[in-house]
There are 2 protein chains.
Amino acid sequence: MTPLSDAEPTPVETAAGRTDESLPVDARSRARPTMRHVATLAGVGVKTVSRVINGEPNVSAATIERVMRAARSLDYEPDLHAGNLRRADGRTRTLGLLVGSVDNPFAGAVHRAVEDAALARGVAVFASSLDDDPEREQAAVSAFLRRRVDGLILTTASEDQAYLAPELRRGTPVVFVDRQPAGVTSDSVVSDNTAGAALATRHLISHGHRRLAYLGDRHDIRTAQERRRGFLDELGRAGIATGDAPVVEGLHDEETARLATLALFDADEPPTAIFSAQNLVTIGVIRALRELDRHLDVALVGFDDVPLGDLLVPGVTVVAQDPHAIGRLAAERVFARLDGDESPAERIIVPTRLVERGSGELPPRVSAR
Amino acid sequence: MTPLSDAEPTPVETAAGRTDESLPVDARSRARPTMRHVATLAGVGVKTVSRVINGEPNVSAATIERVMRAARSLDYEPDLHAGNLRRADGRTRTLGLLVGSVDNPFAGAVHRAVEDAALARGVAVFASSLDDDPEREQAAVSAFLRRRVDGLILTTASEDQAYLAPELRRGTPVVFVDRQPAGVTSDSVVSDNTAGAALATRHLISHGHRRLAYLGDRHDIRTAQERRRGFLDELGRAGIATGDAPVVEGLHDEETARLATLALFDADEPPTAIFSAQNLVTIGVIRALRELDRHLDVALVGFDDVPLGDLLVPGVTVVAQDPHAIGRLAAERVFARLDGDESPAERIIVPTRLVERGSGELPPRVSAR
DNA sequence: CTGAAAGCGCTAACAG
DNA sequence: CTGTTAGCGCTTTCAG
């Protein structure tokens with residue numbers, strides 16, 4: 001008879017919740033079993049259990065079987081963090097992902113791609129929303145570091161990430177997504193914002209527009225700056241005076257964008273075409289144009305895709321980013337660093353793609369004010 | 001002079017990466033500082049550092065200041081997991097969230113609500129996508145348990161969650177969201193699927209429809225069963241023969257739903273109204289109706305909201321769930337359990353709400369086949 | 001108010 | 001092939 005059979009969990013429960021009695025094998029089901037419990041039950045030493053659990057060599061098949069049975073019967077789950085305390089590589093097999101908000105299609109796609117890459121390596125992913133708040137960013141990074149994540153992937157909300165320098169020096173891989181780092185040097189994966197914005201602008205110009213408006217996010221967000229620059233540069237190349245092109249910044253949600261659009265058409269010389277530099281802004285613009293019943297005569301190209309954009313009337317023409325590729329590349333970069341890649345910080349630029357669906361192909365029509 | 005000032009990080013680096021030299025205070029910036037390093041640098045014992053870091057009482061203001069300075073100068077971040085090894089409550093201040101896919105509006109909203117509730121308590125959130133795969137569910141639960149999460153919130157993908165029983169017995173709070181548990185008893189937070197489906201169906205019937213079709217998810221998903229039941233029950237109440245109402249199941253994405261809809265209108269006696277029981281199915285149906293140019297004469301009510309549903313033409317009438325409330329309530333339940341709530345498992349039902357936008361109010365029109 | 005010693009669950013480094 | 005001892009970074013316990 002193996003030691004296993006007569007050590008089955010007894011239905012006996014002590015009165016108090018505490019396990020005060022010192023049974024060699026703790027069969028009371030409420031206590032979380034440790035490696036020692038498994039070892040005693042299997043009649044082997046703890047190190048042997050450790051070998052079996054970690055799939056290390058030099059254990060006889062019979063012993064493996066005994067240990068596995070004991071572990072299963074106790075419903076044993078090893079404590080990853082306890083192991084990491086002593087383990088040579090000290091890896092927690094955990095990643096931290098910081099995004100604008102997990103409740104946002106772009107972030108969701110990045111997250112999913114990161115998760116897929118992580119899953120293949122047995123790595124779990126912490127996610128945290130920052131709402132573009134620099135303080136939340138620092139707090140979240142600290143919270144993850146205390147949990148000893150192996151690496152960080154972040155859409156930064158702060159203007160300067162110098163606070164990450166000590167951690168970077170310790171070798172923790174940090175990959176910036178969507179926005180470039182400032183104050184530190186590290187890998188980043190971003191869309192080609194300037195080129196994408198220029199592409200959108202050129203598209204509108206090629207359809208005959210000369211009076212184009214830019215509606216975008218806060219100017220202190222680098223990504224927004226780049227898109228604005230792409231827009232203005234392209235106007236310049238087309239010989240359109242950039243001075244009087246309406247440029248509205250500081251928009252960060254549907255409502256502010258909607259109101260800004262309404263104001264734009266309430267002023268003199270409204271534009272015949274709009275470039276909206278962010279997906280929530282695009283949606284706000286669409287709402288406003290609908291309200292004004294101008295959605296079929298004001299051209300619109302948005303940066304970043306909009307859910308169900310192909311089902312709207314007109315379809316929303318966008319410069320689409322590839323959030324899934326961004327997430328995948330970021331995760332690959334983190335893992336490459338963890339695998340020892342010491343090459344200089346890389347800056348991966350993911351191309352954007354113009355998706356013509358109707359709104360961007362509308363010809364200019366003089367406002368009937 | 002305090003011990004701090006002459007122990008500033010030296011720019012000297014050893015040749016090898018390894019910290020082989022035994023300096024009492026490790027000033028080499030590459031090594032991760034421990035509480036001991038902070039203690040030595042501040043000239044106090046480790047327990048005092050522990051007290052300061054954890055905000056425990058009985059430390060003089062001067063000592064607190066010294067320790068804080070030392071910790072900051074070393075950029076020290078305490079190791080939460082090492083502490084938990086010995087700590088009485090053993091809480092990792094970490095939660096595991098399992099959903100269909102983090103790349104999904106419903107899951108995103110649940111996630112965000114859980115995160116908000118968790119943030120207020122200093123709890124970090126692991127997220128994992130299951131893709132309705134029972135094996136992924138078990139693997140993800142195990143991965144989280146090994147990382148010793150304090151609680152689990154899950155949209156189950158498996159038919160039976162009996163495998164969770166031992167963990168439940170150990171007192172780990174588990175809250176099911178969106179889908180009820182089977183094989184175990186635990187808290188759950190779900191939408192009122194049957195009532196919501198009945199509401200949608202009644203709405204269509206009240207607009208004169210007698211030939212309604214049901215398009216839904218896999219029949220082995222309880223949620224889908226409940227919605228189907230709500231639909232059929234309501235037909236029965238209205239005296240409509242349920243026998244020949246088209247009921248298409250097993251749809252799980254836009255494409256399968258689109259094809260199923262096309263097939264429906266290719267057959268005899270197509271419906272004048274459709275109830276689609278899931279958001280991706282709703283989108284597939286909309287695409288098909290557009291293709292057939294029937295979107296303005298076939299009524300449609302979807303279960304669960306669709307992004308930008310109000311901007312489509314016609315607007316998409318839906319029975320909206322409240323994913324944010326579901327996530328918030330689930331998190332509150334987990335924290336109540338962690339705070340010692342021992343009351344019987346609760347089943348929280350979140351009401352749904354009919355949102356009329358046009359597609360559900362279309363009158364029946366005989367097919368011009 | 002402070003610190004030394006023991007121990008949490010596990011793995012490294014040796015013995016056998 | 002297997003077990004023993006020490007120690008990871010921290011908190012507990014207990015003694016100043």
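Any value given below was found using the heavy atoms of this structure, including those in side chains, with hydrogens, waters and symmetry copies removed. A note on names: the letters A, B, ... follow the listed sequences, proteins ahead of strands, and every chain is numbered from 1.
Between Arg147(B) and Glu77(A), none of the side-chain N atoms (NZ, or NE/NH1/NH2) sits under 4.0 Å from a carboxylate O, so this pair counts as no salt bridge. Salt bridge annotation for Arg328(A)-Asp116(A): absent, with no cationic side-chain nitrogen under 4.0 angstrom from a carboxylate oxygen. We find that Glu137(B) and Arg179(B) are not joined by a salt bridge, their nearest charged nitrogen and carboxylate oxygen being 4.0 Å or further apart. Between Arg121(B) and Asp339(B) there is a salt bridge, with a side-chain nitrogen of the basic residue lying less than 4.0 Å from a carboxylate oxygen of the acidic one. The pair Lys47(B)-Glu56(B) meets the salt-bridge criterion, with a side-chain N (NZ, NE, NH1 or NH2) lying under 4.0 Å from an Asp/Glu carboxylate O. Electrostatic pairing of Arg170(A) and Asp75(B) counts as a salt bridge here, judged by a charged N lying under 4.0 Å from a carboxylate O.
Across the protein-nucleic acid pair, His81(A) atom NE2 and dC10(C) atom P stand 12 Å apart, rounded to whole Å. When rounded to the nearest whole Å, the span between CZ of Arg36(A) and P of dT5(D) equals 13 Å. Rounded to whole Å, the distance from CZ on Arg146(A) to C1' on dG9(D) is 14 Å. Between the CZ atom of Arg91(B) and the C1' atom of dC10(D) there is a distance of 18 Å, rounded to whole Å. Note: CZ (Arg32(A)) to P (dC8(C)) measures 16 Å, nearest angstrom. Remark: C1' of dG9(C) and NE2 of His37(A) are 11 Å apart, rounded to the nearest angstrom. Taking atom CG of residue Leu80(B) and atom C1' of nucleotide dC8(D), one finds them 16 Å apart after rounding to whole Å. One interatomic measurement links the two molecules: CG of Leu85(B) to P of dA6(C), which rounds to 18 Å at whole-angstrom precision.
Contact check, Ser60(B) against dC1(C): no side-chain N or O comes under 4.0 Å of OP1 or OP2. Contact annotation: Thr63(B) reaches the phosphate of dT2(C) (side-chain N/O to OP1 or OP2, under 4.0 Å).
Between Phe126(B) and Phe126(A), the ring planes lie parallel to each other; the angle is under 30°, not in the 30° to 60° tilted range.
Using a 4.0 Å heavy-atom cutoff across all strands shown, Asp79(B) reaches sugar-phosphate atoms only and no base atom. Residue contacts for Pro78(B): at a heavy-atom cut-off of 4.0 Å it reaches the sugar-phosphate backbone alone, with no base atom in range.
In this structure Glu159(B) satisfies the side-chain contact (heavy atoms from CB on, under 4.5 Å) test together with Asp220(B), sequence neighbours excluded.
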Query raised in the report: What one-letter contact string describes nucleotides 11-16 of chain D from 5' to 3', where B marks a base within less than 4.0 Å of any protein heavy atom, S marks contact via sugar-phosphate atoms alone, and - marks no contact?
Result: BB----
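Using a 4.5 Å cut-off on side-chain heavy atoms (C-beta onward), Val149(A) and Leu95(A) make no contact.
In this structure, the nucleotide among dG3(D), dC1(D), dT2(C) sitting nearest to the side chain of Val44(A) is dG3(D). Nearest nucleotide to the Thr34(A) side chain, out of dG9(C), dC1(D), dT2(C): dG9(C).
The overall bend of the helix from dC1(C)-dG16(D) to dG16(C)-dC1(D), read as the angle between its terminal helix axes built from five base pairs each, is 30° when rounded to 10 degrees.
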